[in-house]
Protein chains: 2
Amino acid sequence: MTKVRIKDIAEIANVSMGTVDRVIHKRGEVSPKTREKIQKLLEDFDYKPDIAARSLAMKRDIHLAVVMPKVVNDHTFWELPQQGIQQALDALDHDQVTIHRFYFDQLDRLGFSAILENFPYGKMEGVLFAPVFREESTEFLERCAEENLPVVLFNSLLDTPAVRSYVGQDAYHSGYVAAKLISYGMEQGRDLAIVNMSARKDHYAHIIERERGFRAYFASSESHPKHMISIDLNGADDLLLKEKLSEICSSYDIAGLFVTNSRVHKVARFLSETKRERVRLVGYDLLPENIEFLKQDRIDFLLSQKPEEQAFQGLNSLYNLVVFNREPAPRQWLPIDIITRENLAYY
Amino acid sequence: MTKVRIKDIAEIANVSMGTVDRVIHKRGEVSPKTREKIQKLLEDFDYKPDIAARSLAMKRDIHLAVVMPKVVNDHTFWELPQQGIQQALDALDHDQVTIHRFYFDQLDRLGFSAILENFPYGKMEGVLFAPVFREESTEFLERCAEENLPVVLFNSLLDTPAVRSYVGQDAYHSGYVAAKLISYGMEQGRDLAIVNMSARKDHYAHIIERERGFRAYFASSESHPKHMISIDLNGADDLLLKEKLSEICSSYDIAGLFVTNSRVHKVARFLSETKRERVRLVGYDLLPENIEFLKQDRIDFLLSQKPEEQAFQGLNSLYNLVVFNREPAPRQWLPIDIITRENLAYY
DNA sequence: TAATTTTCCGTGTACGGACACGAAATTAAG
DNA sequence: CTTAATTTCGTGTCCGTACACGGAAAATTA
């Protein structure tokens, strides 16, 4: 029993292909009794449209928007999602999809508003969005909902009904994993510190979640550090960072530092320069700077957020939603990859 | 400038579509000078065939063979690649591809030969193969080469020119990673053991490579175990295993055990039953049995070979080779994922 | 009953590429 | 210079779906 085509169904039903097509697409202009007859046949023969033929016949251009921070100064993190977007474009039906990029400065709230001001809602068919400024983003999402624009979020989750799907990592559990790694076989009675260097901690729920997860691990485990210190350095410069770290390192018997985002290389540099070797260091993301220190064994573990994959999967979901009307899972959790010097080469 | 089609190129070159088509597919029967002219145009305009139109026009059935061990007794490992194959089938253009399964008993050399005896070389267009028996497999690969049948290997590498691509993990480095994990923060002066439980160690080069990598780590590191013991239990039953382990554990101060394949759960069970708690355990693969012990913290780390992904990528490569003539990379290394109790949920 | 509208359905073509077939042009042989 | 062989190339058809267009039949109105 080979594959049934519209033509086959039409012949069996003694109607033309056009009629079958109208039934399939519910375009009306078919008498109830032939409609029912054809619908039954479609079900009986389990008719499935040929995707190749369909997409050939459709040939419509898809316009998708990507709204996310751009790379400014040392926030090289945001280069990674761009790679994922490029990969997705290569994998998808190339020229069929046009990506419109709306990149904003994640320190410039007004600039972000300005972008939203001129956002061409009508021209877009879907949005991939990495939210930063909470209020403005929420507003944007609501507007998208009004315009019936499907949105897929990544990197950071805003809990808005307008969002069709979120692609990201479970921040809480990644902190949990970090805690396991940093405490695995650690000497008893020493201290641990958590370093927050997010530009604006309040903007990123996942930064907070990571710290929560990190602390939760020790609450449920037999091994505890003697002290657990938090250092918040929102928007601080490198000088202030070094001061703070020096202070902490001399006041406590620091066995490990957990940096809650990708700027762990700054701490690594400090430790390296001040030759503190018995300090474990765990942070996030495969930035070139971080990789350097991982290779030198100055960073022990990096947890990858997989920003490329987040963007890749996000764009893919959006495409499948817009083109094939395939509803994505509301939450797409990516694995929490553990990267060490030894397995780095394969990521 | 919109997308160029064969028709466009043909018009610009003042030839017909057929001629352009012949140049694209290198089917000859085109004079050198028109060929060059058209090739230049193709490059200049960066012609890319429309995949929808192409697959519609081709509409040929692809027959691919999968040759790998089947699940017998407690070798549940081989269920995993089957999942990957199913995923690949779902992702590929469904009905276009037919998979023919040739599953053999990895303990039954003759059975394998029998399969090869009746292998329908002529009917297949590609083979995904997990080699076990070295000589027979080599013979099979040579035969495939004669028949011009492209082969993609996974799981275990046989170095034969007939092989178009290998999808797998760098076994040596995975052993290296295992060593890092087992020795990370380990107390000085204790002992480590390597446990080999492969059915036939000599059949699997990667088992040996894992042990090599494991040992190499300590050769290049400052931290060493006091003793490093190897236990070989090829084809041994569970009773013998327990005996051997008991013996080792009482003769040495074992701080950690590295099991070089997915049967690590057997060692976990022993340690659990004998209540030896200060022993680290590292092994391979997310079998249900292993996951159980990972959750109980009786296994510290599992390295995933990603058998599903191996099969998935392998089948994908084969498809792309057969259908689109896209040559795969000769070696496709998969990342060495580190799985702990804490990040397990996301794999 | 004729004229008009409405409902229902068939025909034709586009989408872009692959390939079979056969025609025209070129070359080789006599 | 003709004829045959060979090379080179154009035409036409098919793949399966979507949709525009228009025709025929049925229903409504005059």
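All chains are named by letter (A, B, ...) in the order of the sequence lines, taking the proteins before the strands, and each is independently numbered beginning at 1.
- Summarising the geometry, the separation between NZ on Lys7(B) and C1' on dA14(C) is reported as 10 Å, rounded to the nearest angstrom.
- Between Glu139(B) and Arg143(B) there is no salt bridge, since no side-chain N of the basic residue sits under 4.0 Å from a carboxylate O of the acidic one.
- Atom pair Lys33(B):NZ and dT26(C):C1' shows a separation of 11 Å (rounding to whole Å applied).
- Among Gln332(B), Arg331(B), Glu327(B), the one residue that satisfies the side-chain hydrogen bond (donor to acceptor under 3.5 Å, both in side chains) test with Ser165(B) is Gln332(B).
- When heavy atoms are screened at a 4.0 angstrom cut-off, Ile6(B) is found touching the sugar-phosphate backbone but no base atom.
- Distance Arg5(B) CZ to dA14(C) C1': 10 Å, rounded to the nearest Å.
- We find that Glu36(A) and Lys40(A) are not joined by a salt bridge, their nearest charged nitrogen and carboxylate oxygen being 4.0 Å or further apart.
- OP1 or OP2 of dC19(D) lies within a sub-4.0 Å distance of a side-chain N or O belonging to Arg27(A).
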Quick one: what's the B/S/- string for nucleotides 7-12 of chain C, heavy-atom cutoff under 4.0 Å, read 5' to 3'?
-BBBB-
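- Nucleotide dT17(D) holds its C1' atom 20 Å from the CZ atom of Arg54(B), rounded to whole Å.
- Residue Tyr47(A) has a polar side-chain atom (N or O) positioned under 4.0 Å from OP1 or OP2 of dT17(D).
- As rounded to whole Å, 7 Å separates atom C1' of dA18(D) from atom NE2 of His25(A).
- Using bins of under 30°, 30° to 60° and over 60° for the plane-to-plane angle, the ring pair Trp333(B)/Tyr166(B) lands in the perpendicular bin.
- The existence of a salt bridge linking Asp337(A) and Lys306(A) is confirmed by a sub-4.0 Å separation between a basic side-chain nitrogen and an acidic carboxylate oxygen.
- The distance between atom CG of Leu42(A) and atom C1' of dG16(D), rounded to the nearest whole Å, is 14 Å.
- The aromatic rings of Phe140(A) and Tyr121(A) are tilted relative to each other, their planes meeting at an angle between 30° and 60°.
- Rounded to a whole Å, the CG atom of Asp21(B) is 15 Å from the C1' atom of dC15(D).
- Phe119(B) and Phe102(B) have their aromatic ring centers within a separation under 6.0 angstrom.
- One interatomic measurement links the two molecules: CG of Leu56(A) to P of dC19(D), which rounds to 13 Å at whole-angstrom precision.
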